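Quantities reported herein were computed from a predicted structural model and do not represent experimental measurements. Only this structure's heavy atoms are used, side chains among them; waters, hydrogens and symmetry mates stay out. Residue numbers begin at 1 in each chain, while the letters A, B, ... track the order of the sequences.
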Amino acid sequence: MVLKVASWNVNSLNVRLPHVLQWLDSEKPDIVGLQETKLQDEKFPYRAFVDQGYEAVYSGQKTYNGVALLAKQGHELRKVLTDIPNMEDPQRRIIAAEIAGIRILNLYVVNGQAVGTDKYDYKLDWLERVTAFIEADMKKYPKYMIMGDFNIAPDDADVHDPEAWKDQILCSSPERAALDGIKELGFKDTFRLFEQKPQSFSWWDYRAAAFRRNIGLRIDLLLASDQLATSCTGSWVDREPRTWERPSDHAPVICEFDLADFTQSS
DNA sequence: ATGGTGGTAGGACCA
């Protein structure tokens, strides 16, 4: 059983719905996490996804943030959760479900604005609380994926100009240490399990023709628990939707698993 | 790369 999993910051699902539907039609992923939907739940285009062959759960708000999980019909979404213990946050950045026997946690990590700001402190605190949640939650799910817009470039290899970005937001050591703290619970960055082209990014600023010049960062990640990672057969960035008219500033990231060795538990 | 754009709004904020 091949399972194709993707994560995409769509920067307004209202604007990007046609892109997402077209992309689902061509790529046919089994599981998709969306971030920055920017839609209240009552405005979520649930019917459009059902018509496309997907079940959806979502947690949104007006103007900012908002996350959703899609699963191809036939994969049930169970144990859905949009809030975690010890964090009362009106910002809708978290959604988790159990799909095909795998725990899927979809995150829109706080951006943080700039090192040293209140938003930066909120980011680090938010990551600490999410990490504590994962540590407890993963005891129940040996097969566990954390996906999303992490707003952290894990390493200098994920940055177009590491010198310019040194100690800046998305690249600072405390942010990277927070990401390492999650990985040290027992997760692999699936992208780095495979040989990749240098200068592979998932986000390019809208300004300064950054995409054309490949001035970007890799901040959209698919982390798989160690047990799951052994079944990962590929992980890549799909740059194509970033070339479409009026695109999101992020490209979708995708990974595939061959779960033939596992007994199907859904 | 330090806002040159874009989204949500309908001015300012967020990224």
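At B/dT8, one or more side-chain N or O atoms of A/Ser12 fall inside 4.0 Å of OP1 or OP2 (strictly under the cut-off). Phosphate contact (OP1/OP2 of B/dT5, side-chain N/O of A/Arg246, threshold under 4.0 Å): absent. Side-chain N/O atoms of A/Arg213 include one lying less than 4.0 angstrom from OP1 or OP2 on B/dA1.
Two residues, A/His250 and A/Ala209, neighbour DNA chain B, and the one matched to the more 5' nucleotide by heavy-atom proximity is A/Ala209. Each of A/Tyr108 and A/Trp165 lies near DNA chain B, and the nucleotide nearest A/Trp165 is the one positioned closer to the 5' end.
Set against B/dG6, B/dT8, B/dT2, the side chain of A/Gln168 has B/dT2 as its closest nucleotide. Among B/dA9, B/dT8, B/dA1, the nucleotide with an atom closest to any side-chain atom of A/Lys62 is B/dA9. In this structure, of B/dG4, B/dC14, B/dT8, it is B/dT8 that holds the atom nearest to the side chain of A/Val15. Here the side chain of A/Tyr206 is nearest to one of B/dG6, B/dT8, B/dC14, namely B/dG6. For A/Ile215, the listed nucleotide lying nearest its side chain is B/dA1; candidates were B/dT8, B/dA1, B/dG7.
Using the Watson-Crick or G-U wobble rule with both distances under 3.5 Å, B/dG7 pairs with B/dC13.
Across the protein-nucleic acid pair, A/Lys38 atom NZ and B/dT8 atom P stand 6 Å apart, rounded to whole Å. Atom CG in A/Asn151 sits about 14 Å away from atom P in B/dC14, given to the nearest Å. The CD-C1' distance, from A/Gln35 to B/dC14, rounds to 16 Å in whole Å. Counting to the nearest Å, the C1' atom of B/dA15 and the CG atom of A/Asp220 are 13 Å from each other. Computed from coordinates, the A/Asn11 CG to B/dA9 P distance equals 12 Å when rounded to whole Å. One can place CD of A/Gln61 at 13 Å from P of B/dT8, the figure rounded to the nearest angstrom. Computed from coordinates, the A/Asp161 CG to B/dT2 P distance equals 12 Å when rounded to whole Å. In this structure, the CD atom of A/Glu36 is 8 Å from the P atom of B/dA15, given to the nearest Å.
The shortest distance between side-chain heavy atoms of A/Tyr206 and A/Asn11 falls below 4.5 Å. In this structure the side chain of A/Glu175 reaches within 4.5 angstrom of the side chain of A/Lys123, judged on heavy atoms. Side-chain atoms of A/Met145 and A/Cys255, non-hydrogen and from C-beta on, do get closer than 4.5 Å to each other.
Comparing the P positions of B/dA15 and B/dA9 gives an interatomic distance of 15 Å, to the nearest angstrom. With both ends at atom C1', the span from B/dC13 to B/dG3 equals 14 Å, rounded to whole Å. A distance of about 33 Å separates the P atoms of B/dG11 and B/dA1, rounded to the whole Å.
At a threshold of 4.0 angstrom between heavy atoms, the contacts of A/Asp205 include nucleobase atoms, whether or not backbone atoms are also involved. The residue A/Trp203 sits close to a base: some heavy atom pair falls under 4.0 Å.
Across all their heavy atoms, A/Met147 and A/Leu222 have their closest contact at CB-CD2, 3.8 Å.
Below 30°, between 30° and 60°, or above 60°: for A/Tyr58 and A/Phe44 the angle between ring planes is below 30°, a parallel geometry. Using a 30° and 60° split on the angle between ring planes, A/His250 and A/Trp203 fall in the tilted class, from 30° to 60°.
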